[in-house]
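So the structure is just underneath, and the comments pick up after that.
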Amino acid sequence: MKRIAFLLAVLFSHLFTWAQETMDLSSGQWRGELERTDGNNIVFNFEVTKKAGKPVIYLRNANERLFVDDIQRTGDSVFIILPFFDSQFRSMLVNSNHIEGVWVKRLADRNLVMPFSAEFTGKDSYRFKPLNEKPATTLTGRWTTVFTYPETGRTMDAVAVFNQDGYRVTGSFLTPSGDYRYLEGVVDGDSIKLSGFDGGYAMFFTAKIDDPEHISGGKHFLGVGPLPRTWVAQKNAGAKLSEALSSTQIKPGALPKFDFTFKDVNGIPVSINDERFKNKVIILQLLGSWCPNCLDETLFMNEIYERYKSKGVEILGLAYERTPDFERSRQSVQNFMKRLKVQYPVLIPEVAVTDPQRTEKTLPQLENIPAFPTTIFIDKKGEIQKIHAGFSGPGTGVDYEHQKKEYYDIVNALLGL
């Protein structure tokens, strides 16, 4: 009897292991939550489907679908490697409809770690379920917004752009360093709930609608930070950011030309004075593979390069990464370029983006690098003509279209078209 019991135990153990290994994520819609200690969890959505017989994921935020195909299985462990921003999910497949684990975002000197769980919702793709019968008002439009940092009391001017359809609301916040990309949520009575997650940004916004023109009591929860920023907003069809908030200039007395040499992702030194760039209009893109707004601008830069490279335009990227370690930076930038199909050269200054002397060490002609991305337009003589800090991406709607037109106008003027 003992031998039979032992054999049965071994059999059931093998069957359980086999069931775990053959179990897979259910195809359809999922709802995930990044768990904050204060209970203000960051909600996001993703869709699981199959490609060539293997599961793939699409992270969903409003109209964006980020494709994730690096999903690794070991027993009941599921590792979801996100394509950008050096982050991943390390999780356990509890069953086909439920996973739980941690989200890990790799920083320069540590890992940011948040518990998370996700549930299969089938065909139901909700993010937040409203409890009230109808929204108090419509948020559609532009809003003059002020964020306040709790630690210092410092404020930041911003512009909210919302589009509401019934309960559902999408949009973003424009800030001096760029927008908060695609946000999605609901208007629930007089309450607002918005969230966004793309592997880089992890955000949750709440607020109260006082009346059709005023929003108060707003809170902005960002990743694992214990203290949320607060925000208020007032409807204003003409709301826009001041250019002075994110401006940079050439240092007084400095030559209006750059002179630098940095290695590309293959370790080959490239200089702005190389023959390839002579007598060309150059767009110098200051970016980072860790930067969500840089993703949006790079996708647009691909369009510009395809459209203008035959007309005498070159684009040159400088990637400021989390550490001065060239090999680590090279891997991150190479993956960034591969995923976005970047055809123009991207160089890696061996200086950390957090280095307070990053400007002096790399582009000493500038007073500062105020934001990522920062885009510098250089004429055929090699002289700096225009500097633009930040980028309004496609999540901002009309502001994105204005941003694109501005860039096209600058390039056309420098080409004399």
Rounded distance [0.5 Å steps], CD in Glu33 versus CZ in Phe204: 9.5 Å
Any side-chain heavy-atom pair of Ser289 and Phe85 under 4.5 Å: no
Lys50 atom NZ, neighbour heavy-atom count above 12 within 6.0 Å: yes
From Asn273, Leu366, Ile282, residue fulfilling side-chain contact (heavy atoms from CB on, under 4.5 Å) relative to Phe258: Leu366
Check: Tyr400 main-chain N/O paired with Thr396 side-chain donor or acceptor under 3.5 Å: yes
Lys/Arg N to Asp/Glu carboxylate O, Lys257 vs Asp259, below 4.0 Å: no
Check: Pro115 main-chain N/O paired with Glu35 side-chain donor or acceptor under 3.5 Å: no
Under 3.5 Å side-chain donor-acceptor pair for Gln285 and Glu297: yes
Thr375 vs Leu284 side-chain heavy atoms within contact, under 4.5 Å: no
Residue pair Gln72 / Asp70, side-chain donor-acceptor N/O under 3.5 Å: yes
Stepwise side chain to side chain contact (heavy atoms under 4.5 Å, CB included) test for Ile80 and Val68: CA-CA 8 Å; Ile80 302 170; Val68 182; 3.8 Å; yes
Taking every non-hydrogen atom, the tightest pair across Ser87 and Gly199: OG-O, 3.0 Å
Steps toward side chain to side chain donor-acceptor pair (under 3.5 Å) verdict (Gln385, Asp379): CA-CA 7 Å; Gln385 295 298 322; Asp379 66 18; 2.8 Å; yes
Validation row: Arg142, Val159 side chains within 4.5 angstrom (heavy atoms): yes
Between Thr362 and Tyr320: side-chain donor-acceptor atoms closer than 3.5 Å: yes
Check: Ser392/Asp399 side-chain N/O donor and acceptor closer than 3.5 Å: no
Asn412 side chain to Tyr308 side chain, donor-acceptor N/O pair below 3.5 angstrom: yes
Side-chain ion pair, Glu64 and Arg181, N-O less than 4.0 Å: yes
Side-chain H-bond candidate by donor/acceptor type, Glu100 with Ser91, under 3.5 Å: no
Reported CG-to-CZ distance for the pair Leu59 and Phe67, which is rounded to 0.5 angstrom: 11.5 Å
Glu306, CD: over 12 other non-hydrogen atoms inside 6.0 angstrom: no
Atom CD of Glu275: over 12 foreign heavy atoms under 6.0 Å: no
Donor-acceptor contact below 3.5 Å, side chain Lys134 vs main chain Gly189: no
Sub-4.5 Å side-chain heavy-atom contact between Leu363 and Leu286: yes
Gap between atom CG of Asp409 and atom CG of Leu417 - 0.5 Å precision: 11.5 Å
Residues, nucleotides or ligands: over 12 heavy atoms within 6.0 Å of Asp124 CG: yes
Residue pair Asp198, Tyr182: steps toward the side chain to side chain donor-acceptor pair (under 3.5 Å) verdict: CA-CA 9 Å; Asp198 55 19; Tyr182 295 89; over 6 Å; no
Derivation and outcome, salt bridge (charged side-chain N to carboxylate O under 4.0 Å, His left out), residues Asp264 and Arg330: CA-CA 8 Å; Asp264 66 12; Arg330 185 193 69 79; over 6 Å; no
Distance-only polar pair, side chains of Glu184 and Asn61, donor-acceptor under 3.5 Å: no
All side chain to side chain contact (heavy atoms under 4.5 Å, CB included) counterparts of Arg90, not counting sequence neighbours: Phe79, Gln88, Val102, Val104
Verdict with supporting geometry, Glu321 and Arg328, salt bridge (charged side-chain N to carboxylate O under 4.0 Å, His left out): CA-CA 9 Å; Glu321 295 299 296; Arg328 173 175 167 179; over 6 Å; no
Between Ser195 and Arg127: side-chain donor-acceptor atoms closer than 3.5 Å: yes
Side chain to side chain donor-acceptor pair (under 3.5 Å) between His214 and Asp211, worked out: CA-CA 5 Å; His214 297 90; Asp211 57 55; 3.0 Å; yes
OG1-CD distance between Thr323 and Glu350, expressed to the nearest 0.5 angstrom: 9.5 Å
Taking every non-hydrogen atom, the tightest pair across Pro83 and Asn335: O-ND2, 2.8 Å
Phe46 six-ring face occupied by Arg60 cation (under 6.0 Å, within 45°): no
From Arg31 atom CZ to Thr121 atom OG1, the distance as rounded to the nearest 0.5 Å: 9.0 Å
From CA spacing to verdict: side chain to side chain contact (heavy atoms under 4.5 Å, CB included), Gln357, Glu360: CA-CA 5 Å; Gln357 291 188 305; Glu360 290 83 352; 4.0 Å; yes
Point-to-point distance, once rounded to the nearest 0.5 Å, from CG of Asp38 to CG of Leu227: 9.0 Å
Asp190 (side chain) donor-acceptor with Lys208 (main chain) under 3.5 angstrom: no
Ion pair check, Lys404 and Glu406, cut-off under 4.0 Å: no
NZ (Lys309) with more than 12 external heavy atoms under 6.0 Å: yes
Over-ring placement of Arg307 relative to Tyr408, 6.0 Å and 45° cut-offs: yes
Donor-acceptor pair between Asn97 and Ser26 side chains, under 3.5 angstrom: yes
Note: Asp355-Lys361 ion pair, threshold 4.0 Å (strictly below): yes
Presence of salt bridge, Glu314 and Arg276, under 4.0 angstrom: yes
Thr359-Glu367 side chain donor-acceptor pair, cut-off 3.5 Å: no
Qualifying residue for ring-ring contact (aromatic ring centres under 6.0 Å, His included) with Phe116, from Trp103, Phe89, Trp30: Phe89
Exercise: identify the closest heavy-atom pair between Leu241 and Pro176: CD1-N, 3.9 Å
Backbone N/O of Trp143 and side chain of Thr145: donor-acceptor pair under 3.5 Å: yes
Parallel, tilted or perpendicular: ring planes of Phe84 versus Phe336, cut at 30 and 60 degrees: perpendicular
Short N-O contact, Arg339 and Asp69, less than 4.0 angstrom: yes
Charged tip of Lys193 within 45° of Phe205 ring normal and under 6.0 Å: no
Under 3.5 Å side-chain donor-acceptor pair for Tyr126 and Gln29: no
